[in-house]
Protein chains: 2
Amino acid sequence: MEQKFRSTCPISSALDIIGDKWSLLIIRDMLFSGKKTYGEFGKSSEKIATNILSNRLTKLEELEIISKGKMEGNKKTNIYSLTQKGKELLPILMEIAQWSDHNLNDHLQDGAKPFVNRFKSDKDGFVKGMYAMMEKR
Amino acid sequence: MEQKFRSTCPISSALDIIGDKWSLLIIRDMLFSGKKTYGEFGKSSEKIATNILSNRLTKLEELEIISKGKMEGNKKTNIYSLTQKGKELLPILMEIAQWSDHNLNDHLQDGAKPFVNRFKSDKDGFVKGMYAMMEKR
DNA sequence: ATTATTACTTGCATTTTACAAGTGAAAACA
DNA sequence: TGTTTTCACTTGTAAAATGCAAGTAATAAT
C-alpha cells in the first residue's frame, strides 16, 4: 500500500493519512483505553469489521504511527503500540472531543465531559499529563 | 440524507460527520482562504469532483456547519458561510496542521510554517485573532 | 489429543468515490 | 436582442472502498 497525497498542504496531507472513519478510532482506543491487541480493537462499540481493522493496522504501521511487537512469552498475540508520531495525534483527538461536546450535545450520552473540561482549562497540562501516564503502563 | 452515528462517543460521532477526505478541506478553504462560492471551492489544488462537492455542501448545510445564502444583486451565485459550529472546527484544523508540520515534514512544501508557529506559541490568542479577522470580511 | 483462542484472510454484496459529460438559468457581450 | 459565457449544479458509469459472513492457520489451554 503506497500512500498518495493530493497536494502539499499540511491539512490535506494529514487527511490523506487519517481522514477516514476508522483510523482515529483505533488511535483513540490506544490513547484512552490502553488497547494493544487485534482482539481488543475488535471489541470497540463501533464494531469495526475485521478486514478493515487489519487493513488499518497495516497502514498505520507502514506510516509509523503505530508499531507492531510480540507479547512476551506468547507467540500468537501481537502488541501494537503508539509511536511518538502516533501519540502526537492526542491534541487532535481532544479538540475533536471538545467540538463534539460543544456542538453535538443533544446526541451524545457519555462520561467524557469531565475529561473534556480538564483539557479545556489547561490544554498543554492535560496533554503532558496524558503522555506521562502512558509511559507508566 | 440522514446522519447516522455509530456510537455516542464524542470522537466517533464527530468522525461520522467530518471523517472523510473532503469535508474539512472545504472548511479549510472557508477559514483560511475566505472562499464562499461553489466555483471557488472547485478550484482548490486537490481537485474535488463536482458531484462530491455538491454532496458535501448539502451535508454540511444540513448539519448546520455552513449556511447557504444568495449574493446580493446576483440571482445565480450562492454564498456559503460558516456557522458558529463550523468556525469552531478551526482548532481541530490547526492541530492537524501542527501534527503535519511535525511529522510529515519531508513531504510538505508549503508556506504554512509561520502560521503554525504562531498557533503553537499562543493557541487561544491565535484562534481568537482568526475569529476576529473573519468578522471583518 | 481435543478444543478454544487469536489473528488474521477471502469472497462477495453494497456503498462511496471518481471521472466525464450534460443541463438550465442567469449574466455578460455583440 | 440574440448569442455566448458563466455559474451551479445533475446524471451516468466505472472504479475503489466498505461491510458482512465465513473460513483458515497457528498457538495455547484443557
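In what follows, every chain begins at residue 1, and chains take the letters A, B, ... in the order their sequences are listed. These numbers were taken from a predicted model, which means no experiment stands behind them.
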Discussion item. Can a donor-acceptor pair be found, under 3.5 Å and without considering hydrogens, that links the side chain of B:Asp16 to the backbone of B:Arg6?
Written reply: yes
Worksheet item: Are A:Met71 and A:Leu57 connected, step by step, through hydrophobic side chains (Ile, Leu, Val, Met, Phe, Trp, Tyr) whose heavy atoms are closer than 4.5 Å?
Response: no
Worksheet item: For residues A:Asp20 and A:Ser23, is any side-chain donor paired with an opposing acceptor at under 3.5 Å?
Response: yes
Worksheet item: Just by distance, with hydrogens left out, do B:Glu46 and A:Ser7 show a side-chain donor and acceptor under 3.5 Å apart?
Response: yes
Discussion item. Please check: side-chain N/O of B:Lys35 versus main-chain N/O of B:Asp29, any donor-acceptor pairing under 3.5 Å?
Written reply: no
Discussion item. I'd like the 5' and 3' limits of the part of DNA chain D contacted by chain A, with heavy-atom contacts below 4.0 Å.
Written reply: D:dT18 to D:dA28
Worksheet item: Are B:Lys120 and B:Glu95 ion-paired here, with the side-chain N under 4.0 Å from a carboxylate O?
Response: no
Worksheet item: For the pair made of CD in A:Glu40 and C1' in C:dT5, what is the distance, rounded to whole Å?
Response: 14 Å
Discussion item. Generate the contact string for nucleotides 11-24 of chain C. Rules: B means base contact, S means sugar-phosphate contact only, - means no protein heavy atom under 4.0 Å.
Written reply: B-----SBB-B---
Practice prompt. Using a 4.0 Å heavy-atom cut-off across all strands, classify A:Phe41 as base, sugar-phosphate, or nothing.
Written response: nothing
Practice prompt. Identify which one of A:Lys85, A:Gln84, A:Glu88 satisfies the side-chain hydrogen bond (donor to acceptor under 3.5 Å, both in side chains) criterion when paired with B:Asn103.
Written response: A:Glu88
Worksheet entry | Ring centre gap for A:Phe115 and A:Phe32 strictly below 6.0 Å | yes
Practice prompt. Specify the separation, in whole Å, of atom CG of A:Leu53 and atom P of C:dA7.
Written response: 10 Å
Fill in: Stretch residues 65-79 of chain B: residues that reach within less than 4.0 Å of DNA chain C through a heavy atom
B:Asn74, B:Lys75, B:Lys76
Worksheet item: Distance from A:Ile27 atom CD1 to A:Leu90 atom CG, nearest 0.5 Å?
Response: 11.0 Å
Discussion item. Check whether B:Tyr38 reaches the backbone of B:Thr50 with its side chain - one donor and one acceptor, N or O, closer than 3.5 Å.
Written reply: yes
